[in-house]
J.: 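Just passing along the structure, written as C-alpha cells.
Counting starts at 1 for both ligands and their atoms, following the listed order. Any value given below was found using the heavy atoms of this structure, including those in side chains, with hydrogens, waters and symmetry copies removed.
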Amino acid sequence: MIKRPKGTQDIIPGVIEKWHFIEEQIKKICSEFGYQEIRTPIFEYTELFQRGVGESTDIVNKEMYTFWDKGNRSITLRPEGTASVCRAYVENKLHGSPKPLKLYYLGPMFRYENTQAGRYRQFHQFGCEVLGSDDPLVDAEVISLVWELFRRLSLKYLEVHINSVGCQTCRAEYRKLLQVFLEERRNKLCRDCQSRFERNPMRILDCKNTNCQSLTTDAPTTLQNLCEECQEHFNRVLALLTASNIPYKINPRMVRGLDYYQKTAFEIMAEGIGAQSAICGGGRYDRLVEEIGGPSTPGIGFAVGIERIIALLENQNTNIATTKEIKVLVAAIGENPKIEGFKLLTQLRQCGISALMDLTGRGLKGQMKYADREKIRYVLILGDDELAEDVVTVKDMILGEQEKIPMDSIIKYMRNEIDKTSCSD
Ligand code: HAM
C-alpha cells in the first residue's frame with residue numbers, strides 16, 4: 001500500500017470539524033480587528049526565501065523543498081508566509097493603500113524537518129502581517145489579536161515570551177560583543193553552534209544543547225545593548241501589553257530562527273504538548289520589504305501553527321461542539337417513490353433545508369437505523385401508498401410520532417417544524 005509522505009497528515013472527517021471551528025474563529029476575529037485576507041502562491045522563486053528569510057537560517061540552509069521546474073527555474077514550496085506577503089505587497093503596489101495595511105493568511109507551509117510530535121513537514125499556519133507602521137501600538141495589537149483568539153478557543157497555560165533583538169545599528173555592535181564572549185568558548189560548542197559562530201552567532205543563545213546553554217549563561221544579551229530608540233520602543237510595547245492585561249515574560253535569550261527580525265520578537269509557549277511548545281512566533285521586520293526590492297516599509301506579524309493548537313485542545317480536553325447539520329432523510333421505497341422522493345429532496349434543498357436520501361438501496365428499516373445513527377430528526381417516508389394518497393408520512397425520530405402531510409404543503413410544514421424545534425435540538 002502506498003502511504004502518505006513522512007511528516008504529512010490526512011485531516012479526516014471527525015477531525016476536520018475542529019479545523020473548521022478554529023478557522024471560523026480566526027476569520028471572525030480578523031474581521032473584528034480589521035484584518036483582510038490575502039492568498040499567495042504555495043510556491044515561489046527560491047530567491048525570495050533566500051533573500052527574505054535569510055541565507056544563514058536553518059530554514060533556508062536545510063529545510064526547503066526546492067526543485068527546478070521544466071523552465072529551469074528554481075522553485076521552493078513556501079516554508080513560511082511573511083516573505084510571500086511582503087512580495088505580494090510590493091508586486092501589487094499595495095503600498096498605495098491607506099496605512100497600515102493589515103493582512104492575514106491561512107494555509108499549508110513546507111519544511112523538511114526531523115519529524116516528531118508537533119513538528120511536521122507539511123503544516124498549516126494562520127498568520128497576520130501589518131505593513132506600514134512602526135508604532136509600538138501595532139506590536140501590541142498583533143499580540144492582543146492572537147491572545148484573544150487563544151482566549152476564545154479556551155486554551156490555557158499559555159505564556160507570551162518577549163524580547164527585543166535590536167535594530168541594524170545596535171545589533172552590529174552587539175554581534176561584535178557576543179563574538180568576543182564566544183571566542184574563547186568556541187571549541188566547546190556543539191558542531192551546529194560552531195558553524196553559527198560566523199554566520200549567525202545570536203542563534204547560539206537559543207541552542208537546545210544543554211552544554212551550549214551552560215557555556216552561554218553569562219553571554220551578553222541584545223536587551224543589555226539596545227540603542228535608545230529600540231529601548232524606548234520595547235518599553236512602550238511592554239506598557240501596552242500591561243495596559244491590556246496580557247501577561248508576558250521577558251526572555252532575553254529568545255532569538256527567533258528567521259533573519260528578518262528587528263526590535264520586538266515574541267513567542268507564545270504552551271504547556272503540555274511536548275518539546276514543540278511554541279504555538280505562535282512573530283516579531284517586527286522593518287527592513288524586509290526593502291530587502292526584497294520594495295519601498296522602505298516597517299512591518300510586524302506572527303504565525304500560529306494550527307496542528308499545535310489542535311494538539312493543545314486535545315491535551316486540555318477542550319470539547320468542540322460539532323453540530324450535525326442534516327435535518328431530514330427522505331426515505332423512498334420503490335421505483336416511482338424514489339423519483340418523487342428525489343423531486344422532494346431537490347425542493348427541500350432549494351429551500352435551504354438540509355436533507356439526504358439513501359444512496360445504497362437500504363430498506364425502510366435500514367433507513368430508519370441510518371437516520372437514528374446520524375441523528376437526523378425527521379424521516380419523510382414515501383412509498384406506493386403515500387403516492388396513491390398524495391401525502392408524505394413524516395416521522396419525528398425524537399418524539400417517536402408520525403403523521404401524514406399532504407404533498408403540496410410538506411415544504412411549508414417542514415420549515416415550520418424545523419424553526420420550532422431548532423432551539424431544542
Ligand atoms: P515560525 O516561528 O517559524 O515563524 O513559525 C510560527 C509557528 O508555526 C510556530 O510557532 C509553530 O506553531 C508553527 N510551526 C513552525 N514549524 C512547524 C512545523 N514544522 N510543524 C508544525 N508547526 C510548525 C514564522 O513562520 C514567521 N513567518 C512568523 C512571522 C510572521 N513573523 C512575522 N510575521
Side-chain angles (χ1 to χ4, degrees), residues 5-9 11 22 26 35 38 40 44 48-49 52-54 57-60 62-65 77-89 100-131 138-139 141-143 145-146 149-150 155 158-163 165 203 206 254-270 273-289 297-313:
K6 194 171 166 194
T8 64
Q9 279 187 304
I11 306 161
I22 294 168
I26 287 172
Y35 287 64
I38 183 165
T40 60
E44 298 269 3
L48 174 70
F49 303 115
V53 175
T57 60
D58 282 354
I59 294 181
V60 170
K62 306 193 226 165
E63 296 170 2
M64 294 208 301
Y65 279 90
L77 300 185
R78 61 181 188 193
E80 60 107 49
T82 313
S84 303
V85 169
C86 291
R87 182 210 38 75
Y89 175 80
L101 187 63
K102 308 206 292 186
L103 301 169
Y104 80 93
Y105 51 89
L106 255 169
M109 307 289 161
F110 305 85
R111 295 183 194 174
Y112 192 83
E113 301 219 54
N114 291 327
T115 55
Q116 59 185 101
R119 194 193 269 173
Y120 301 97
R121 292 184 175 169
Q122 176 176 330
F123 58 97
H124 297 76
Q125 282 186 341
F126 152 56
C128 283
E129 311 293 350
V130 181
L131 292 153
V138 191
D139 307 39
E141 177 173 283
V142 293
I143 297 174
L145 187 156
V146 70
L149 173 70
F150 292 160
L155 297 181
L158 303 182
E159 205 169 37
V160 179
H161 287 214
I162 190 162
N163 190 14
V165 293
R203 287 288 288 164
D206 71 356
M254 190 192 59
V255 184
R256 305 261 304 123
L258 302 100
D259 272 0
Y260 45 63
Y261 292 114
Q262 294 208 336
K263 296 185 177 163
T264 312
F266 64 94
E267 284 184 349
I268 300 181
M269 316 299 276
I273 49 168
Q276 303 307 311
S277 55
I279 56 170
C280 171
R284 186 164 269 291
Y285 47 85
D286 290 346
R287 289 186 46 83
L288 178 57
V289 175
T297 310
I300 179 162
F302 66 79
V304 169
I306 308 283
E307 286 81 359
R308 292 192 189 169
I309 298 189
I310 304 243
L312 204 56
L313 285 171

J.: So which heavy atom in the protein is nearest atom 7 (C) of ligand 1, and how far is it from that ligand atom?
T.: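 Heavy-atom neighbour on the protein nearest atom 7 (C) of ligand 1: Ala303 O, 3.5 Å.
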J.: Hey, does Gly282 come in under 3.5 Å of ligand 1, counting only N/O atoms on both sides?
T.: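 No - when backbone and side-chain N and O of Gly282 are compared with those of ligand 1, no distance drops under 3.5 Å.
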J.: Should you measure from each heavy atom of Gly118, which atoms of ligand 1 turn up under 4.0 Å away?
T.: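 Every atom of ligand 1 under 4.0 Å from some heavy atom of Gly118: 20 (N), 21 (C), 22 (N).
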J.: If you measure from each non-hydrogen atom of Arg256 to ligand 1, which part falls under 4.0 Å: side chain, backbone, both or neither?
T.: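 Side chain only.
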J.: If you have a sec, work out which protein heavy atom is nearest atom 9 (C) of ligand 1 and how many Å separate them, to one decimal?
T.: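 Answer, as residue, atom name and distance: Ala278 O, 4.0 Å.
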J.: Out of all atoms in ligand 1, which are within 4.0 Å of some heavy atom of Leu258? Include the element for each.
T.: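 Within the 4.0 Å cut-off of Leu258, ligand 1 contributes 3 (O), 4 (O).
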J.: Which residue, Asp139, Asn163, Asp286, Val165, forms the side chain to side chain contact (heavy atoms under 4.5 Å, CB included) with Lys263?
T.: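 Passing option: Asp286.
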J.: Do any N or O atoms from the side chain of Glu267 and from the backbone of Met269 form a donor-acceptor pair under 3.5 angstrom?
T.: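 Checking the backbone N and O of Met269 against the side chain of Glu267, no donor-acceptor pair under 3.5 Å is found.
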J.: Around atom OH of Tyr65, are there more than 12 heavy atoms from other residues, nucleotides or ligands closer than 6.0 Å?
T.: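 Enclosed: over 12 neighbouring heavy atoms sit under 6.0 Å from OH of Tyr65.
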J.: So, Arg111 side chain and Ile59 main chain: donor-acceptor pair closer than 3.5 Å or not?
T.: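 A pair under 3.5 Å: no.
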J.: Applying a heavy-atom cut-off of 4.0 Å, say which part of Tyr260 lies close to ligand 1: side chain, backbone, both or neither.
T.: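 It is the side chain that gets close, since no backbone atom is under 4.0 Å.
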J.: Using the rule given for side-chain hydrogen bond (donor to acceptor under 3.5 Å, both in side chains), can you reason through Thr40 versus Tyr105, listing the C-alpha separation, both sets of side-chain angles and the distance that settles it, and then say yes or no?
T.: CA-CA 8 Å; Thr40 60; Tyr105 51 89; over 6 Å; no
J.: Which pair of non-hydrogen atoms, one from Arg121 and one from Lys6, has the smallest distance, and what is that distance?
T.: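 Looking at all heavy atoms of both residues, the closest pair is CD-O, 3.5 Å.
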J.: List the closest protein heavy-atom neighbour of atom 32 (C) of ligand 1: residue, atom name, distance to the nearest 0.1 Å.
T.: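 Here the closest protein heavy atom is Gly301 O, 3.2 Å.
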J.: Going through the checks in order, is the ring-ring contact (aromatic ring centres under 6.0 Å, His included) test met by Tyr104 and Phe302?
T.: CA-CA 10 Å; Tyr104 80 93; Phe302 66 79; over 10 Å; no
J.: If you count the atoms of ligand 1 from 1 in the order shown, which ones are under 4.0 Å from a heavy atom of Gly281?
T.: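 Listed by number with element: 10 (O), 28 (C), 29 (C).
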J.: Once you restrict to heavy atoms under 4.0 Å, what part of Gln125 touches ligand 1? Side chain, backbone, both or neither.
T.: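 The answer is the side chain of Gln125.
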J.: With heavy atoms only and a cut-off of under 4.0 Å, state how Arg119 meets ligand 1: side chain, backbone, both or neither.
T.: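 The answer is both, backbone and side chain.
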J.: Within a strict 4.5 Å, meaning less than it, do heavy atoms of the Leu312 and Phe150 side chains meet?
T.: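 Not touching, per the 4.5 Å side-chain cut-off.
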J.: Identify, for atom 13 (C) of ligand 1, the protein heavy atom at the shortest distance, and state residue, atom and that distance.
T.: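 Atom 13 (C) of ligand 1 sits closest to the protein heavy atom Gly305 CA, 3.6 Å.
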J.: Can a donor-acceptor pair be found, under 3.5 Å and without considering hydrogens, that links the side chain of Arg203 to the backbone of Val255?
T.: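 Yes, the answer is positive, given that a donor and an acceptor are paired below the 3.5 Å cut-off.
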J.: Specify the protein heavy atom at minimum distance from atom 27 (N) of ligand 1: its residue, its atom name, and the distance to 0.1 Å.
T.: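 The closest one turns out to be Glu80 OE1, 2.6 Å.
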J.: A side-chain contact here means heavy atoms from C-beta on lying under 4.5 Å apart; do Leu313 and Ile22 qualify?
T.: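 A side-chain contact exists here, since the closest heavy-atom pair is under 4.5 Å.
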J.: When only distance counts, is Glu113 in polar contact with ligand 1, meaning an N/O pair under 3.5 Å?
T.: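 It does: an N or O of Glu113 is found under 3.5 Å from an N or O of ligand 1.
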J.: Hey, is Gly127 one of the residues with a heavy atom under 4.0 angstrom from ligand 1?
T.: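 Heavy atoms of Gly127 never come under 4.0 Å of ligand 1.
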J.: Evaluate the side-chain proximity of Leu106 to His124: yes if any heavy-atom separation is below 4.5 Å, no if none is.
T.: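 Sidechains of Leu106 and His124: no contact.
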J.: What protein heavy atom is closest to atom 23 (C) of ligand 1, reported as residue, atom name and distance in Å?
T.: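 Sorting protein heavy atoms by distance from atom 23 (C) of ligand 1 puts Phe123 CD1, 3.4 Å first.
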J.: Check whether any N or O atom of Cys128, backbone or side chain, sits under 3.5 Å from an N or O atom of ligand 1, and answer yes or no.
T.: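 No - when backbone and side-chain N and O of Cys128 are compared with those of ligand 1, no distance drops under 3.5 Å.
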J.: Starting from atom 11 (C) of ligand 1, find the nearest protein heavy-atom neighbour and note its residue, name and distance.
T.: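 That would be Arg308 NH1, 3.3 Å.
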J.: Look at ligand 1 and say whether Glu129 reaches it with a heavy atom at a distance under 4.0 Å.
T.: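 True for this residue.
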J.: I need the minimum non-hydrogen distance between Pro108 and Arg78, along with the two atoms involved.
T.: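 For Pro108 versus Arg78, the nearest heavy atoms are O-NE, 2.8 Å.
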J.: Does ligand 1 have a heavy atom under 4.0 Å from the side chain of Cys280, from its backbone, from both, or from neither?
T.: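 It is the backbone that touches ligand 1; the side chain stays farther off.
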J.: Note the single closest protein heavy atom to atom 20 (N) of ligand 1, along with its residue, its atom name and the distance in Å.
T.: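 It is Tyr120 N, 3.0 Å.
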J.: What's the shortest heavy-atom distance between Phe266 and Gly283, and which atoms?
T.: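 Residues Phe266 and Gly283, closest heavy atoms: CE2-N, 3.7 Å.
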J.: Below 4.5 Å, heavy atoms only, C-beta onward: do Val142 and Tyr35 meet side chain to side chain?
T.: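 Side-chain contact under 4.5 Å: yes.
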J.: Just distances here: any N/O of Tyr261 and N/O of ligand 1 closer than 3.5 Å?
T.: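 Among all N and O atoms of Tyr261, at least one is under 3.5 Å from an N or O of ligand 1.
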J.: Return the option from Met109, Glu267, Arg111 holding the heavy atom at the smallest distance from atom 25 (O) of ligand 1.
T.: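 It is Arg111 that holds the nearest heavy atom.
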